Colleague: 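Please find one structure pasted underneath; my questions will follow.
Scope of the values below: all heavy atoms of this structure, side chains included, with no hydrogens, waters or symmetry mates. All values derive from a computational prediction rather than experimental measurement. We name chains A, B, ... by the order of the sequence lines, and we start the count at 1 in each one.
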Amino acid sequence: MASKRGMDSQVEVVQIDGLVVLKMVKHCQEEGAGGTDLVQGVLLGMVVDNRLEITNCFPFPKHSEDEDFDQVSVQYQIEMMRNLRHVNVDHLHVGWYQSSYFGAFINRALLDSQFNYQHSIEESVVLIYDPLRTTQGFLSLRAYRITPEMMKFFKESDFTPENMAKHGINFETILEEIPIVLRNSHLVNALLCELTEKTRKEQKFSSLDLGTSSMLEKNLRQLMECVDEVAMDTNKYLNFQRNNFRQQQSKQQYILKREQENLQRKQRGEPPLPEEDLNKLFKPLPTPQRLDCTLVAGQMDSYCKQICEFASQSLAKLFMAETLHVDQSNSN
Amino acid sequence: MSRFFHAGSDSETESESSDDGIVDVRPAGISRAVLQFSDDEEETKRVVRSEKDKRFDELKGIIKVLKNHKKIKDMANVLTDFESLTKAFDKARKVVDREGLPRFYIRTLADLEDFVNECWEDKEWRKNISKGNSKGLTTVRQKIKKYNRDFETQLTAYRENPDAGDDDAEEEDESKPAAEESDDEEMAKPVVKKEEKAPKAPKVPTGDDDDSDWGTESSEESSSSEDETPGIGHLTAEYFLKSTTEQEAQRREERKLEKKLKKEEKEGRRKGEEDDDEEGWQKVNSGAPSQAITEKPKLFAKDQEITQEAVVKKLNEIIIMRGKKGTDRSMMIELLQELKTIAEGANLGKPLSVKICFNIMAAIYDYNPNIATCMKSEMWENSTLPTIQELLDTLVECPDIQVSEGISEENEQLDKSPYRIRGCILTMVERLDEEFTKMLQACDAHSTEFVERLKDEQAMCDIITKLESYLETHGTSEEMCRIYLRHIEHLYYKFDPSAFEETPSDQQDKTSQAIMDRMCKFIYAKDNTDRLRTRAMLCHIYHHALHDRWYQARDLMVMSNLQDNIQFSDVSTQILYNRTLVQLGLCGFRQGHIRDAHNALVDIQSSNRAKELLAQGLVPQRQHERSPEQEKIEKRRLLPYHKHINLELLECVYLVSAMLIEIPFMAAHELELRKRLISKNFHHVLKMSERQTLTGPPESMREHVVAASKAMKNGDWKKCRNFIINEKMNAKMIINEELMASLDEPTQIVVMHRTEPTRLQSLALQLSEKVGSLVENNERIMEIKQGNYFFNKSNVIGNKPDQRDNYQNQNQQGWGGRGRQQRNQNRDRGGDRDRDYRGGDRDRDRDRDHRGGDRDQYRNRDQQRY
C-alpha cells in the first residue's frame, strides 16, 4: 500500500518509537560485542502523510558464513513478519537498521542493500546507530536514504566519470539524511519522568565528560585510512589518464597514416584500404570506476562533520568547565 | 726465419693471410716510431683490418669512382680521382712493397691511359665538352703519361696478357698462386726491408723538410717497390671486381698457363737478384723517376714566376684535395706552409699570407679525424700556436684587411686595399681553445706534460685578449660576446690573490673582478643567445664566490632564476652550474652561512656522484655499462685538471655544515614519529661509523666529522670544537626557538624543557601530511585536465625532478625556490635518479649543435666517420 504512493508525498521526517530504539540498542549491546561488530535488523512501520512511522523492529540473525545465509535470513524475515502480524503488530517492512563503528558506514554494501530496499519499497530508510558515540553520552541515531538521482545512477550501474557528471552525482548527493523524531507513548513519558527524579545527580552528568582525545584519535585514524584510499584511487586515475592519452595519440597517428595511405592509393588508382574497426585495434581502456572513490569521499565528509560536531560540543563543554573553574578559584 | 724457409718449401697450404699477419707487424712498428705524424685513425683501425686490406680497399673505392666518372666522361672528376688514386697508392706503398704491385692497379692505369687517349683522339667530342672537362682531359693525359712511365714494364706485361688479371678471385682460387708468390717475395724480402729502413728515416715530415729531401727519398722508396712488383703482380688479384661464373673455368685454365709462365719468369729473376742484388737496386733507382715527386712538393716549377694569382691558384688546388679520401692531411699542412713561405718570400703581401694562414688552420683542425683525440703537442707548439699568433698579429697590424665569414670566395680581394678575405678568426680561436682543452684533457694531470701544456694557457689567454682588442674595434657585439665569454671562461676559476689587497685606484679596473664585471655586463646587455648569458652569469657568480663575495654571488644567483631553467640548457652549462653552486656553497661556508652552504651542496653530495656532476672524472655505474660512445662523450666533457674543485674539501664542508644543522635538528625533533632527514648522506656516514664495532681515534676527514658529530650529540661542544669548531651553537639555538630550553642567567644553567606531542597531535600531523600528498596528486590530475598536451605537461612534471637531481641541484630553500616539500618528493622518486644525465637525446643534439657552428671545418671529419 505504502509503496504505491507517488513521489510527491516524499517522507520528510522519520518518527521512531522508543521501543524501536531500545530494541536496537539492546540488540547491539548483546550481539555487537560493544559496538565493534555490525548488527543489522529490519524496521517495521508505515507511512502516514509525509512521515514515516517506525513502530517496531526485529534483528537479523547473526551472520554466519554459510552460503545459504541469504535464504535463511529471508526465510527468517518472512516467518518473523508473519508471526508479528499474528500478534497484531505493524508488519510492514519500511527499512532496516545497522550499527556502525564511529560513523564508518558509507560503503558499497550499505549502498547495495539500501538500493535493493528502496527499489522494492520506495520509502525505506536505513537507521544508523552508533553505539560508541552513544556511550559518550549522546544517542547517535540517523536515518538515511538514497537520493533519487543516485537511484537512477545506480540502476544503470555505469560508474564512469562521464555518467557521474551527467547525473550530477558527488559525494554529497549519494545519501540524504532525514530528520528523526523520537516518540513515546504517554505512559512511557510518565515513566521517564518518574525515573528522572529517581536517578542520582552524578549519573546525569555523564554527557559532560571532558575527555576528547580518544574520540578524536579514532576519528583521525579513520580519516587517515580514507585519505590513503583516496590517494590510491587518485593514482589509479592518473595512470588511466596517462595511458588513455597515449592510446589516443597512437590512434591519431594510425588514422593519419591510414588517410595518407588512402590518398596515395587514390592517386595510384587503387581502391582505398578497407575501414577497420578502430576500437578493435585500440581497445578502449576501462575507465576507472568512480563509485568507490565517491563513497570514500562521502565517508570522509561524514567523518569531518562528525569531528566538527564533536569539536564544537567539546569546546562548549571546555569553556563551561573553564568558567566554572575560574568561578571556583575566585570564590576561594 | 724458419717460417720463411718453411714457406719456401713451396707448401701450398700456407695461406696468404697468415703470412700477412706476421710480416705486417714489423714494418708498421718501425714506421710508426719514425713517422711522428702518422695517422691516429690508422692506428685505431689497424686493429680491425689488416693494413693491406684497408689500403687496397681504399684504392678499389677510388677506382670504382674513377670508372663511373669515366663512363660519363667527366674529365674534371677523372682528374681528381686519378690524383687521389695516386695519392692513395702512395699511402699504400708500404703494403705494395710487401705485397707487390696490385694487378688491378696496373689494369686501372692501363685502362685509364687507353681511355684518355681515346678521348683525345675523339676530336668531335673534345670540341663540345666544357672548359673544365677539356682542361681535365689535358691534365690527365699529361699526368698519366708521366706516371705510367714508372710502371712501364708492368704495363707492357699487362697489355701483352690483359685477360690474365681480369678475373675475380675467391680465396681458394687465390691461395695457391698467392702462396707461391709470397714464397718468392719472402725470399727477397729480408733484403729489401733492411735497405728500406734506412731511406725511410728521412721521411719524417717535421715540417721543415724541403722538396729535395722528399724527392730523393721517395724515389728510393718507389724503386724498392718496383723491384719486386713484376713477380707478384697477381698476388692481389682477389681485388678484381667482376666475376661471372661462365668465365670462371676459362680463367682457371688461363691462370694455370699464366702461373707456369710466371714461374719461369721468376726463376730467371731470382737468379738475377741473387747474382747481383746491388745492381737491382741501382738499376731501379736510376730508372724510375720518383712517384711521390709527381704528387707532392712540386708546388711551382723552378722557372715559374710566383705571382699572387699563381699562389692563389695553387692554394685552391691544394684546398680542393681537402676532404678527399686518401688525402694525406699532414702533407696538406706542409704544402700550405710551404706555400706560405713561398708567398712570403715573393713578397706577395699580408692579405695573401692571411688567407693561407686561414687555410693552414683549417687544415690543422682537419688533421684529426677523430673528435675524441687531441692534437699532437708538436703540432700544437710548432704550427698551431705560431700560425694563429701570426694571423692575429697581421690582422691587428693591418686594419685594412677585412676578414669575415660573410665574404664569399668570389668576392675576396687580395690585391688591393681594402682587402677582403673569407674566414673567421673568432671561430679559429674558439676552435683553438677547444683543442687546447682537449689536449689538457688528454694529458695525465700529474705528469710534467700537463704542466708543460698548462703553460700554454698563458699564450692562449694572450691570444684571446689580443683577439678581444681586435674585435673591440672590428667585430660585432655578438662576436664580442663570444670572445668575452672565452675570456671569462679562462678567468673565472682563477683565484686572484690581489682581490683581498688594497688596490691602488689607478689599478682598479685591472683587477680580475673589474674585468669580469665589465665583460659579464657587456654580455648581459648585448647577448641575445641565452646560452652565452647563462654561462657568463654562472662564471660571474663563480668568480664572486671564489673571492668570498658572498652577497654579490648569492644575489646574482637568486636574481638569475637559473635554478628554474637550468635543466633546459646543455650539459656543459649544467656542469658549470653545478660547479658554481658548489663554489657558492664553499663561499657560504667560509662566510658562516651554514644553512645556505648546506643547501647549496646537498644535492651535489647526496647523489654520491659529485665527481661526475662536476665533470671531474667518470664514476663506474652499477646499473648499466656505458657504451664506448657514451664513455667517449663523457670523457670529452670532463674538465681539465686545473679547473677541478677539491672534492674532499667539498665533502668536508658539506658534512660539517650538515652536522651543524642536523644534530640540533635531531635534538629538537627527537620525539617526532616520522624522522625527517635533512641530510641523508650525513646520516649514512653516521650510521656507517656506528656500525663499526671498534672506533679508533679519527684519522680521515670523514671520521673527524663523525667524531665531532657524536660529541655534539652528547652536548659536548668543547670536544666537538676540538674536532671542528663552534661554541655559539647552543645559545643560538635557544634564541631561534629551536631548542626548547631556557637559559637561567644567574646560575649559568640551561634548563631543558621537553614536550611530547600527544598521540592526537602526532596523528593530526600524519593526517596533514597525507592530505598534503593527496592534494598534490589532485593538482596533478587537474593540470592534466587543463592542459591538453598531457605529455608536455608530464614531461615538465615527471622529468624535471630527475634532471634537477642529476645535474641541476636546485636548492629551493635557500634561493627562494619551492620549499622542501618538493625536494623530499624528488627524493621519493629516487628510482628515477639512476637514470643518467647523459642518457637523453639532448646530449646528442648538443653534439650536433656543437659541430654545427663551424660545419665547414668538420665536414671531412663527418664524412670519414660515417
Colleague: Strictly by salt bridge (Lys or Arg N to Asp or Glu O under 4.0 Å), give each pair with a member in residues 221-233 of chain A just once, sequence neighbours left out.
Modeller: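 Qualifying pairs, neighbours excluded: Asp228(A)-Lys770(B), Asp233(A)-Arg290(A).
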Colleague: How far does CG of Asn778(B) sit from OG1 of Thr234(A), to the nearest 0.5 angstrom?
Modeller: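 Those atoms lie 5.0 Å apart.
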Colleague: Taking only residues two or more places apart in sequence, or in another chain, which ones meet Glu779(B) in a side-chain hydrogen bond (donor to acceptor under 3.5 Å, both in side chains)?
Modeller: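 Applying side-chain hydrogen bond (donor to acceptor under 3.5 Å, both in side chains) to Glu779(B) gives none.
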Colleague: For a quick test of reading the model, state the closest non-hydrogen atom pair linking Glu217(A) to Leu760(B) and the distance between them.
Modeller: N-CD1, 3.6 Å
Colleague: What residues, two or more places apart in sequence or in another chain, satisfy side-chain hydrogen bond (donor to acceptor under 3.5 Å, both in side chains) together with Glu261(A)?
Modeller: none
Colleague: To the nearest 0.5 angstrom, please state how far the CD atom of Gln241(A) sits from the CZ atom of Arg780(B).
Modeller: 11.0 Å
Colleague: Does anything in residues 299-308 of chain A reach chain B? List residues with heavy atoms under 4.5 Å apart, or say none.
Modeller: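 Near chain B, by residue number: none.
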Colleague: Going from CE on Met224(A) to CG on Leu763(B), what distance comes out if it is rounded to the nearest 0.5 angstrom?
Modeller: 5.0 Å
